[in-house]
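Working notes, beginning with the structure itself.
Note that the coordinates shown come from a computational prediction; the quantities given were computed from them, not determined experimentally. The chain is numbered in sequence order, starting from 1.
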Amino acid sequence: MSEDDNNSEEYPTEIHDYLAAFEKSLGSVDEMLKTMMSVSRNELLQKLDPLEQAKLDLVSVYTLNSMFWVYLATQGINPKEHPVKQELERIRTYMNKVKEITDKKKASRLDKGAASRFVKNALWEPNTENEHTSKTPAKGKKRQ
C-alpha cells in the first residue's frame, strides 16, 4: 500500500475537496507573505500616500488576526469567545471608515456655477419685446 492510499483513508473522502482548496489557499497566502517580506516596510510605505498606507496596515493586521483565528480553531478553542473576535470587528470598523473616505474621493463633484447656467438656459423665459410682435398667425387668417 502506498503512502497516498494510507493518507486518503485517514479522513473522510467528502472533505477531500475542502482540504485541497485549503491547501491551495495556504500556498497563496505563503506566496503573498514572501512577496511582502521581500520588500522592506519603510521602502513600501515611502511609495504610498497616507490613505494607501492605512489600507496596507489594515489588511496586514486583519490578515494576522484572521490567521490567529484559524490557529485558535485548530487548537480546539472557540474563537468566537476569544478577544480576537472583538479585534477583528474593530479592524472592520476602520476598514469601513477608509472605504467611506475612498468613496467620497471617487464621488463626482457638482459644479454649482455650471449647473445653474444649465438650468437657467434650459428654462424658457418670455421676452417682452417679442410678445407684441408675435409671428403666430391670427385666428381665421390663412397662411400664404
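- A salt bridge is defined here as a Lys NZ or Arg NE, NH1 or NH2 lying under 4.0 Å from an Asp or Glu carboxylate O, and K85 with E89 meets this definition.
- By the 6.0 Å contact criterion, NE2 on H82 is enclosed, its count of non-hydrogen atoms from other residues, nucleotides or ligands being greater than 12.
- In this structure, the side chains of M32 and T63 stay at 4.5 Å or more apart for every pair of heavy atoms.
- With hydrogens and angles ignored, the 3.5 Å screen pairs no side-chain donor or acceptor of D30 with any backbone N or O of L26.
- L33 is not connected to L64 by any chain of hydrophobic side-chain contacts under 4.5 Å among Ile, Leu, Val, Met, Phe, Trp and Tyr, and they are in different clusters.
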Full working for side-chain contact (heavy atoms from CB on, under 4.5 Å) between K105 and L51: CA-CA 11 Å; K105 281 188 172 183; L51 188 60; 4.0 Å; yes
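- In the hydrophobic clustering of ILVMFWY residues, with side-chain heavy atoms under 4.5 Å counting as a link, L58 and I101 come out together.
- Taking OG from S28 and CD from E23, the interatomic distance works out to 11.0 Å, rounded to the nearest 0.5 Å.
- More than 12 heavy-atom neighbours from other residues, nucleotides or ligands sit within 6.0 angstrom of CD on Q86.
- Considering all non-hydrogen atoms of both residues, S116 and G113 come closest at OG-O, 2.9 Å.
- With K99 as the partner, the side-chain hydrogen bond (donor to acceptor under 3.5 Å, both in side chains) test is satisfied by one option alone out of N96, T102, D103: D103.
- For the atom pair T93 OG1 and L88 CG, the distance stands at 10.5 Å (nearest 0.5 Å).
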Check against side-chain contact (heavy atoms from CB on, under 4.5 Å), D49 and E52: CA-CA 5 Å; D49 66 358; E52 295 297 320; 2.8 Å; yes
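- In the hydrophobic clustering of ILVMFWY residues, with side-chain heavy atoms under 4.5 Å counting as a link, Y71 and W69 come out together.
- A distance of 5.0 Å separates CD of Q53 from CG of L45, quoted to the nearest 0.5 Å.
- When the side chains of ILVMFWY residues are joined at heavy-atom separations under 4.5 Å, either directly or via intervening members, V84 and Y62 end up in a single hydrophobic cluster.
- Of the charged side-chain nitrogens involved, at least one lies within less than 4.0 Å of a carboxylate oxygen, so that R41 and D57 count as a salt-bridged pair.
- Residues F68 and Y94 share a hydrophobic cluster, clusters being chains of Ile/Leu/Val/Met/Phe/Trp/Tyr side chains in contact below 4.5 Å.
- Between E87 and R90 there is a salt bridge, since at least one side-chain N of the basic residue sits less than 4.0 Å from a carboxylate O of the acidic one.
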